[in-house]
Amino acid sequence: MRYQRLFTNACLATMVPGAAPYGFIGGGAVAVRDGRIGWTGVAKDAPQADEVIDLEGRLVTPALVDCHTHLVFAGDRAGEFERRLAGESYEGIARSGGGITATMTATRAATAAELAALALKRLDALSAEGVGTVEIKSGYGLNFESEINMLKAARTCGLVSGVRVRTTLLTAHAIPPEYAGRSGAYIDEVVIPLVAEAARQGLADAVDAYCEKIAFSPQETRRVFDAAKAAGLPVKLHADQFSDTGGAALAAEYGALSADHLEYTSSEGVAAMSAAGTVAVLLPGAFYALKETQLPPVQALREAGVPMAVATDANPGSSPLLSPLLAANMACTLFGLTVEEALAGVTREGARALGLLNEIGTLESGKRCDLAVWDVEQPAELVQWMGARPLHGRVLNGEWA
Ligand code: DI6
Ligand code: FE
């Protein structure tokens with residue numbers, strides 16, 4: 001069997017569970033055919049290939065997966081950062097018309113092309129840290145036209161950058177001012193029709209909602225999820241971030257791909273996620289930036305066998321973070337993950353959270369050949385350092401990106 005390309009002389013952290021920690025293969029190689037991994041193993045056993053690329057002993061991991069971001073938005077909320085430092089709360093700022101609503105105003109004023117240009121700059125930062133797949137949510141338009149613009153901008157980001165983009169419709173993110181006090185009408189008149197329209201146009205790969213006291217109730221979330229189900233789209237949920245609304249269990253009941261945040265998730269929520277196979281997406285950037293103190297139930301999730309992903313939650317308010325490696329570092333330092341769990345969180349489990357584990361997330365035959373090649377030798381270095389810029393290069397679909 002002849003291969004197009006062989007990446008050789010590498011330390012492979014395949015992230016395949018089982019034998020060695022990190023699925024590590026020292027002195028390894030990866031052979032590529034048609035953009036996919038055709039073979040992995042020790043270099044001395046490697047098959048013939050038309051082109052051989054010597055990685056000079058570097059560490060290779062699956063290209064990173066950032067499975068929860070809000071990269072598309074206009075405007076900035078740096079003023080809110082200063083207000084919070086001066087003592088105001090995130091919830092208080094949101095209730096006084098700031099927060100998501102402030103970003104909505106700026107986002108509505110932008111065209112899809114302007115939104116894409118802004119998001120591409122942010123995506124550059126993720127790419128520089130080895131990201132090969134990113135999820136991008138809508139949720140700052142909060143009306144028909146602007147939500148569609150956000151999804152189109154996200155799709156454009158994928159086409160222009162070469163990064164695999166999965167889009168998520170998050171129209172149930174906040175109640176826009178024109179529907180103040182009428183959240184039910186907002187769900188009926190905007191959210192539910194948009195779910196159907198985004199599905200019809202092929203603009204959304206999933207549907208998300210913000211189930212929280214300052215946003216939507218579990219009952220309202222159900223209505224959004226029912227619409228997603230009717231449209232044939234998978235769901236995920238911003239769940240239990242500031243309070244236990246039963247969000248994790250609700251997500252599990254709908255067979256959600258993931259439930260995200262989970263600081264206040266109860267043991268019942270953990271058990272429901274475990275039974276449903278719903279991925280826990282941990283977002284330590286928001287926990288850090290909002291100076292939260294309630295930790296997500298990591299030990300309970302671990303014991304229940306709930307897969308744990310780690311993501312940036314990149315957004316202009318609660319998690320202004322464009323570094324998945326720093327997210328992994330924080331997941332260890334703040335939440336108690338092991339380095340292997342954190343690295344799996346930004347690779348294999350991030351892929352699982354997007355329903356893409358059969359395509360990406362580990363270095364295994366048959367998957368897309370999406371690699372991150374690092375100027376380090378040990379996986380733990382990636383997670384230990386902050387701001388180190390360790391990436392040598394990315395390979396996407398078997399080609400240098
Ligand atoms: N993700 C979100 O969507 C909200 N919180 C979070 O962690 C709010 C984002 C924002 O403040 O703009
Ligand atoms: Fe979020």
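Just so you know, these numbers use all the heavy atoms, side chains as well, and skip hydrogens, waters and symmetry mates. Remember, it's 1-based here, ligands and their atoms both numbered in the order they're listed.
Checking Leu363, Val16, Val30, Val42 one by one against Ile25, the side chain to side chain contact (heavy atoms under 4.5 Å, CB included) holds for a single residue, Val42.
Checking Glu147 against Tyr140 by side-chain atom types alone, no donor-acceptor pair falls below 3.5 Å. His261 and Asp240 share no donor-acceptor pair across their side chains, judged by distance under 3.5 Å alone.
Thr221 contributes a side-chain N or O that, together with a main-chain N or O of Ser217, makes up a donor-acceptor pair within less than 3.5 Å. Checked by atom type and distance alone, the side chain of Lys152 never pairs as donor or acceptor with a backbone atom of Ala112 at under 3.5 Å. Side chain of Thr101 to main chain of Gly97: no donor-acceptor pair is present (N/O by atom type, distance under 3.5 Å, no hydrogens or angles).
If you look at the Fe ion (ligand 2), the protein N, O or S atoms less than 2.8 Å from it are His68 NE2, His70 NE2, His238 NE2, Asp313 OD1.
Ring-plane geometry between Trp400 and His392 is classed as perpendicular, the angle between the planes exceeding 60 degrees on a 0 to 90 degree scale with a lower cut at 30.
The residues lining ligand 1, counting any heavy atom closer than 4.0 Å, are His70, Arg77, Tyr90, Ile100, Tyr140, His173, Tyr210, His238, Gln241, His261, Asp313, Asn315, Gly317, Ser318.
Salt bridge annotation for Arg58-Asp375: present, with a cationic side-chain nitrogen under 4.0 angstrom from a carboxylate oxygen.
One distance of note links CG of Leu120 with OG1 of Thr156; it measures 8.0 Å at 0.5 Å rounding.
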